[in-house]
Every structure is written in C-alpha cells, then in structure tokens.
2 protein chains.
Amino acid sequence: MTTRTRRRADAERSIARIVSAARELLGRDPAATIDKIAAAAGVGRMTLYGHFPKRADLVEAALADTLADGERTLSAVDLTGDPRDALDRLLASSWGLMAESSSLLAAAQEVLSPGRVRELHGAPAARLEELIRRGQSEGVFRTDLPIGWLVAAVHYLLKGAAEEERTGRLDVDGLPRLVTASVRSLLTPPA
Amino acid sequence: MTTRTRRRADAERSIARIVSAARELLGRDPAATIDKIAAAAGVGRMTLYGHFPKRADLVEAALADTLADGERTLSAVDLTGDPRDALDRLLASSWGLMAESSSLLAAAQEVLSPGRVRELHGAPAARLEELIRRGQSEGVFRTDLPIGWLVAAVHYLLKGAAEEERTGRLDVDGLPRLVTASVRSLLTPPA
DNA sequence: GCTAACTCGTATATTCCCGTACGAGCTAAA
DNA sequence: TTTAGCTCGTACGGGAATATACGAGTTAGC
C-alpha cells in the first residue's frame with residue numbers, strides 16, 4: 001500500500017533529485033525558494049509542484065529524508081563499552097549530519113507544526129540522552145546538572161562547530177577533535 | 001560635527017523609541033517588519049522612514065545601540081582576581097544581553113555585510129578572549145585547545161541557553177547557573 | 001508668532017515569492 | 001503502439017513587504 005497508483009521510474013528519479021537538492025539548499029539557507037531548488041535539481045518548477053504541491057510538503061520530505069539518513073548512520077554506531085568512547089563515536093558520526101540538519105531544521109520550524117518537528121527530530125536526542133544516562137549510572141558522567149540541559153548543551157556545541165566550519169571563521173584543522181574534547185569536559189564530573 | 005543640521009527634541013525622542021522597539025521586536029523575531037516596529041514604537045510608518053530610509057539602516061542602528069549598551073554593562077564588570085570567578089561575573093552580565101542580541105544578530109547577518117557585523121560585534125569576544133588568556137597564563141584554564149575555539153564554544157553555549165529560555169523548552173530554574181558550571185568545566189584543564 | 005522641522009496618512013510602484021491554470025509535448029510501460 | 005503518466009513552459013492572480021511620492025497638519029525653537 002506504499003503507492004496507490006504505481007509511479008513511473010522517471011518520476012521516482014525526479015523526486016529523488018528534488019529532495020536531494022532541497023536538502024542541499026535548505027541546509028545552507030532556510031529561506032531557499034522553490035525556484036532555486038527546482039533549478040538546482042535540474043527540473044522545471046512545475047515538475048516540482050507536481051510532486052510537492054505546497055512548500056511545506058517539500059520541506060517535510062527533505063527533513064524526513066535527512067533524518068532517515070541520520071537514523072541509519074547513527075543506529076550503526078556501536079554504543080557499547082565505555083560511555084566516553086561511545087560518545088566519541090556518536091559525535092564523530094553526528095558531525096556530518098549536524099552540518100546539514102541545523103539549517104534545515106530552522107526551515108522546518110518555520111513551516112511545520114512544532115509537534116511534527118519534534119516527532120521527526122526526537123530520535124537523535126533520545127539516543128544521546130540514553131547514552132548519557134548510562135554514563136551517569138556508571139559514574140563517568142556528571143549528575144549535578146539536569147540531563148535535559150546536558151543534551152541541549154551538547155547539541156549547541158555541535159551546532160556551533162558546524163556553523164564555524166560552514167562559515168570558515170575558524171581556521172582549524174581538527175574541528176571534530178575539538179568537539180569531542182569539549183563535550184567530554186562538559187560531561188566529566190567536576191573535581 | 002555629530003549633527004549636520006540640528007535635530008529637534010521630538011525627533012530625538014522618536015528615534016529613541018523606534019530603536020528601542022526595533023531592539024525589542026528584532027530580538028524576538030529577526031524578520032519583524034517595518035510596519036510592526038513602527039506600530040510598537042507608537043509612530044507612523046512614514047516617520048520611521050524619515051529617520052531610517054532603508055531597513056538595513058534600522059537594523060544596524062538597533063544592533064549598534066544594543067552593543068553599545070552591552071559594552072557599557074560589560075566594561076563595568078570586575079575582571080580582576082581569580083579568572084574563574086571573573087568569568088562567572090562576566091557570564092552573569094552577558095546573560096541578559098545574549099538573550100536579546102542573538103536574534104538581533106541573526107537579523108543583522110541577513111542584511112548587513114559580514115565585515116560590518118564583525119566590526120560591531122568584535123568587542124565582547126575580545127574581552128572574553130583576554131580573560132581566558134589570563135586564566136591560561138595563570139594555569140587555571142586549559143591550553144590544549146585553540147583559544148578561538150574556546151571563545152566560540154562559550155559563545156554557542158550562551159546562545160543556546162538563551163534560546164532554550166526563549167522557547168521555554170527547558171523548564172529549568174537557574175539557567176545562568178548551568179551555563180557558568182558548564183563553561184567552567186569546558187575551560188578547566190583536563191585531568 | 002514665524003519658520004523650519006517633524007509627523008503621519010493615503011496612495012502607489014516594485015519586488016519577490018507562492019500557488020494555480022492551461023496546455024503542448026515527451027516517455028515509460030503494458 | 002497505444003495510453004497513462006510525466007515534464008515543463010507561459011501566464012496569471014494573490015499576498016506580503018519594501019520603498020517612494022505627495023501633501024496636509026502639527027510642533028519645537030528662535
């Protein structure tokens with residue numbers, strides 16, 4: 001029941017290219033126009049409208065596609081063993097995703113209902129929170145700050161680093177290393 | 001030579017009210033319209049255009065005014081003594097400013113040249129960097145990460161916390177305390 | 001009280017974008 | 001080869017926002 005009426009192969013290809021272009025452009029500029037996205041996808045504007053009647057439909061599709069990719073990537077990360085090492089691995093894998101999804105998320109928040117965004121975006125945060133919880137119970141992560149704040153703080157550090165890279169403000173070689181080192185400090189119990 | 005032709009008192013008052021309203025609205029929504037700003041300031045739209053011909057002029061004036069206020073506040077902070085305590089004081093004072101300027105900064109970045117934004121925004125970052133440097137030389141702050149990254153990381157943590165408060169996502173009592181604790185961890189030399 | 005400065009409404013031009021309508025031409029799939 | 005699905009151009013309408021033009025009324029400051 002996935003396709004009501006069967007879809008032709010060329011339509012599938014068009015949709016894939018449109019979504020890909022939308023991810024790319026919306027990832028850089030939340031206000032990217034339908035025009036530009038269609039042009040970047042190499043299809044006419046009307047073709048795009050044929051598949052995504054409203055702008056919100058396209059934004060949602062792009063976000064869902066990105067997050068599905070993210071889920072696939074993150075679910076492959078080995079979260080067993082020392083929570084600190086597991087966190088490093090998780091952050092390393094999150095790195096590439098964050099660079100794209102931060103701006104895309106902003107686009108989504110302008111167009112989609114808050115509930116819908118939360119629903120789509122909840123999984124990654126939950127995974128991180130779960131890991132932090134385990135680290136806390138094993139005594140290697142701090143417990144003196146609320147878990148919600150810790151998750152948010154990690155998120156903002158990651159997002160900030162992604163922004164630094166995107167704008168090229170920081171001429172730094174190993175930005176991922178800085179993030180992992182910083183997050184580790186952030187989560188380590190204070191002396 | 002500040003005023004080419006002398007300005008009347010009522011004009012000064014109008015300008016002050018407009019800038020104040022612009023700071024308020026742009027601080028909440030980077031896309032606030034001229035209309036709404038004029039309405040919030042209690043002046044006609046045409047009066048506003050009389051003083052700020054282009055939208056960019058108004059945004060720049062609002063940003064400059066906010067940062068001037070910030071400079072005044074931050075320059076009053078006692079940065080002597082233990083760098084860690086000085087940092088706490090600096091963050092506490094930065095807290096209120098950041099909540100406003102984060103969204104306003106976003107508005108500015110859409111309208112003003114990157115160089116202009118940087119120029120207006122450089123002072124607070126420099127003050128923080130100076131303090132971190134002193135802490136490093138006294139051995140209480142870490143030196144294993146580049147100073148530029150540390151400054152940026154503090155900035156993003158602060159900004160993130162401000163955003164959490166604005167959206168009310170985190171039902172947390174003492175957000176400032178969380179920020180200072182987190183930043184302290186971030187800057188403490190790792191064991 | 002005179003004058004320049006200021007306020008501010010209405011109207012209008014412009015620009016940009018979304019979304020719809022119509023229709024001609026192409027192509028995959030049976 | 002037929003046909004349903006797909007592509008895509010052009011054109012149009014609507015909305016929102018910026019910015020300009022004109023002009024009448026009001027007020028501060030000398």
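Naming convention: chains lettered A, B, ... in sequence-line order (proteins, then strands); numbering from 1 in each chain.
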Please report the distance, rounded to the nearest Å, between CZ in B/R45 and P in C/dT12.
14 Å
Of B/D35 and B/A9, the one whose closest nucleotide on DNA chain D sits nearer the 5' end is B/D35
On the nucleotide D/dC6, are OP1 or OP2 found under 4.0 Å from the side-chain N or O atoms that A/S14 carries?
no
Taking the side chain as every heavy atom from C-beta outward, state whether A/P114 and A/Q109 have any atom pair closer than 4.5 Å.
no
Is the shortest side-chain N/O distance from A/T47 to OP1 or OP2 of D/dC6 below 4.0 Å?
no
Separation of C/dA11 atom C1' from B/Y49 atom OH, nearest Å, is 15 Å
By nearest atom, which of the nucleotides D/dA19, D/dC8, C/dT10 is closest to the B/M46 side chain?
C/dT10
Rounded distance (Å) that lies between atom P of C/dT20 and atom CD1 of A/I34:
11 Å
What is the separation between atom CG on B/D57 and atom C1' on D/dA19, rounded to the nearest whole Å?
12 Å
Toward the 5' end of DNA chain D, by each residue's nearest nucleotide, B/R13 or B/A31
B/A31
Nearest whole Å is fine: how far is C/dC6 C1' from B/I18 CD1?
11 Å
Looking only at D/dT20, C/dC6, C/dC18, the nucleotide nearest the B/D10 side chain is C/dC6
Using every non-hydrogen atom in the two residues, find where A/P30 and A/R55 come nearest and quote the distance to one decimal.
O-NH2, 3.7 Å
How many Å lie between CD on B/E110 and P on D/dT18, as a whole number?
12 Å
Reckon B/H51 has a side-chain N or O less than 4.0 Å from the OP1 or OP2 of C/dC6?
no
Looking at side-chain heavy atoms only, is the closest gap between B/D29 and B/K36 below 4.5 Å?
no
What is the distance from CG of A/D29 to C1' of C/dC17, rounded to the nearest Å?
13 Å
Charged N-O contact under 4.0 Å between B/E12 and B/R8:
no
Does the side chain of B/K36 get closer than 4.0 angstrom to OP1 or OP2 of D/dA16 through an N or O atom?
no
B/R8 (side chain) and D/dG29 (base): donor-acceptor pair under 3.5 Å
no
Hey, is CZ on A/R166 packed in by over 12 heavy atoms from elsewhere, all under 6.0 Å?
yes
Let me know the distance between NZ of B/K54 and P of C/dT14, rounded to the nearest Å.
14 Å
